[in-house]
Number of protein chains: 2
Amino acid sequence: MRHGHKWGNKLRGCGFRLTIGREAIVDILSHTNSHMSAEDIFFALHADSPNIGLTTVYRTLELLEKNGIVSKYEFGHGRAKFELTEAYGNKPHHHHLICRKCGTIIDYSDFMEDELAYLKKTEAGLGKKYKFTIHQHSISFFGICEKCGAS
Amino acid sequence: MRHGHKWGNKLRGCGFRLTIGREAIVDILSHTNSHMSAEDIFFALHADSPNIGLTTVYRTLELLEKNGIVSKYEFGHGRAKFELTEAYGNKPHHHHLICRKCGTIIDYSDFMEDELAYLKKTEAGLGKKYKFTIHQHSISFFGICEKCGAS
DNA sequence: ATTGATAATGAAAACCATTTTCAATAAGGT
DNA sequence: ACCTTATTGAAAATGGTTTTCATTATCAAT
């Protein structure tokens, strides 16, 4: 399996090396369905790979992000969170519901038909009007989750 | 004018004091139409009010944010950016187009009818399904601006 | 106006996620 | 196996933001 990953081929195609650390990090990301911080990944890794440093985790995440393999989110609770992109992960297209109190992040994939219609029009219009090449969008809703109670 | 601000009344109503620093900071924010970082505000202030420290700027922005007077954005170019909320500022409802290369932020208010329709349905649906009280949404598009050239 | 309780402030230090440095190590083409 | 060079870990540096603490300012009550 060492050379069979889609993401691995992508990296190697760009001249990067396929290392044990990089494999372990992507492996962690592909076996979780939560959003992990660099530190989360570092600790998750530490049991099986105590020799992979936090620095490497940061560097790898940066590399993966630049190559479109992971997405980085800064929801504002201190640390950035990461997840595999749709093309390389196993999660369907989704957006986020973030609790302002406890920081819980809920993924949702509902209402995507409505979103698609809205995005299609908007992206096209914005791109043309502002001469902007749009690569990505971010849609998030902030509020209070059930557990934290409404206010 | 010292006691005539909507935002000032809001703060006083919550037991907070109306200070020179807070007035100066809101004043700066209400006379700019760009998104300012705490440091930006600190320097803009420094000419007329050299006695207001960066610490106070941070503390004031936090207070204003908690009271719904400013919005804080973390677009990922290091420093957080702030602007008055729709209710207290002079800018119409808008969203952001962020350049991945140079960090330029373009406000846009186009296609709001489409957005409204989409949001209305989505927020209602999400709120019900996930028992989430939605207070805010954030819609941003990331890409490359005209100046930075497409890729 | 003055006073008094206490909220707000500035300066400096602390915090803490993330980056950089640098010498040692490992990947992978030959 | 060898060699070039990308990658790594540890430790130090960075830099935005927060905390500490003694001082100052706000404003309700007088």
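Here is how names work: the chains are called A, B, and so on, in the same order as the sequence lines, proteins then strands, and each is numbered from 1. Worth knowing before you read on, the calculation uses all heavy atoms, side chains too, and leaves out hydrogens, waters and symmetry mates.
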OP1, OP2 of D:dT8 versus side-chain N and O of A:Thr19: anything below 4.0 Å?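 Indeed, a polar side-chain atom of A:Thr19 lies that close.
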
Check whether any side-chain nitrogen or oxygen of B:Arg22 sits under 4.0 Å from OP1 or OP2 of C:dA8, and answer yes or no.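 Checking B:Arg22 against C:dA8: at least one side-chain N or O falls below 4.0 Å of OP1 or OP2.
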
Go through it in stages, so that I can follow the logic: the residues are B:Glu86 and B:His94, the test is side-chain hydrogen bond (donor to acceptor under 3.5 Å, both in side chains), and I'd like the CA-CA distance, side-chain angles, deciding distance and then a yes or no. CA-CA 9 Å; B:Glu86 202 181 342; B:His94 63 273; over 6 Å; no

For the pair made of [atom1] in [X] and [atom2] in [N], what is the distance, rounded to whole Å?
{"X": "B:Leu63", "N": "D:dT18", "atom1": "CG", "atom2": "P", "result": "13 Å"}
{"X": "A:Glu23", "N": "C:dA27", "atom1": "CD", "atom2": "P", "result": "10 Å"}
{"X": "B:Ile52", "N": "D:dA25", "atom1": "CD1", "atom2": "C1'", "result": "13 Å"}
{"X": "A:Lys81", "N": "C:dT18", "atom1": "NZ", "atom2": "C1'", "result": "16 Å"}
{"X": "B:Phe75", "N": "D:dG16", "atom1": "CZ", "atom2": "P", "result": "18 Å"}
{"X": "B:Asn9", "N": "D:dC27", "atom1": "CG", "atom2": "P", "result": "12 Å"}
{"X": "B:Arg79", "N": "C:dT18", "atom1": "CZ", "atom2": "P", "result": "16 Å"}
{"X": "B:Arg12", "N": "C:dA7", "atom1": "CZ", "atom2": "C1'", "result": "14 Å"}

Steps toward side-chain contact (heavy atoms from CB on, under 4.5 Å) verdict (A:Leu84, A:Lys91): CA-CA 8 Å; A:Leu84 291 177; A:Lys91 278 201 247 179; over 6 Å; no

Any side-chain donor near an acceptor of the partner, B:His35 and B:Asp107, under 3.5 Å: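 The answer is yes; a qualifying pair exists.
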
Nucleotide of [options] approaching [X] most closely (side-chain heavy atoms):
{"X": "B:Ala80", "options": "C:dA27, D:dT17, D:dT7", "result": "D:dT17"}
{"X": "B:Tyr58", "options": "D:dT5, C:dT9, D:dG16", "result": "D:dG16"}
{"X": "B:Ile20", "options": "D:dT26, D:dC27, C:dT9", "result": "D:dT26"}
{"X": "B:Leu18", "options": "D:dC27, D:dC21, C:dT20", "result": "D:dC27"}

If you pin B:Leu54 and B:Phe16 to their nearest nucleotides in DNA chain D, which one's is more 5'?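 Its nearest nucleotide lies further toward 5', so the answer is B:Leu54.
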
What nucleic acid atoms does A:Arg17 come within less than 4.0 Å of, heavy atoms only: base, sugar-phosphate, or nothing?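 Counting heavy atoms under 4.0 Å across all strands, the contact made by A:Arg17 includes a base.
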
Specify the residue among A:Glu39 and A:Arg59 whose closest nucleotide of DNA chain C lies further upstream toward the 5′ end.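 Comparing both residues, the 5'-ward one is A:Glu39.
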
How about A:His137 and B:His95: are their ring centroids closer than 6.0 Å?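 No.
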
I want to know whether A:His96 and A:Phe75 have ring centres closer than 6.0 Å.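 Aromatic pair counts; centres sit under 6.0 Å.
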
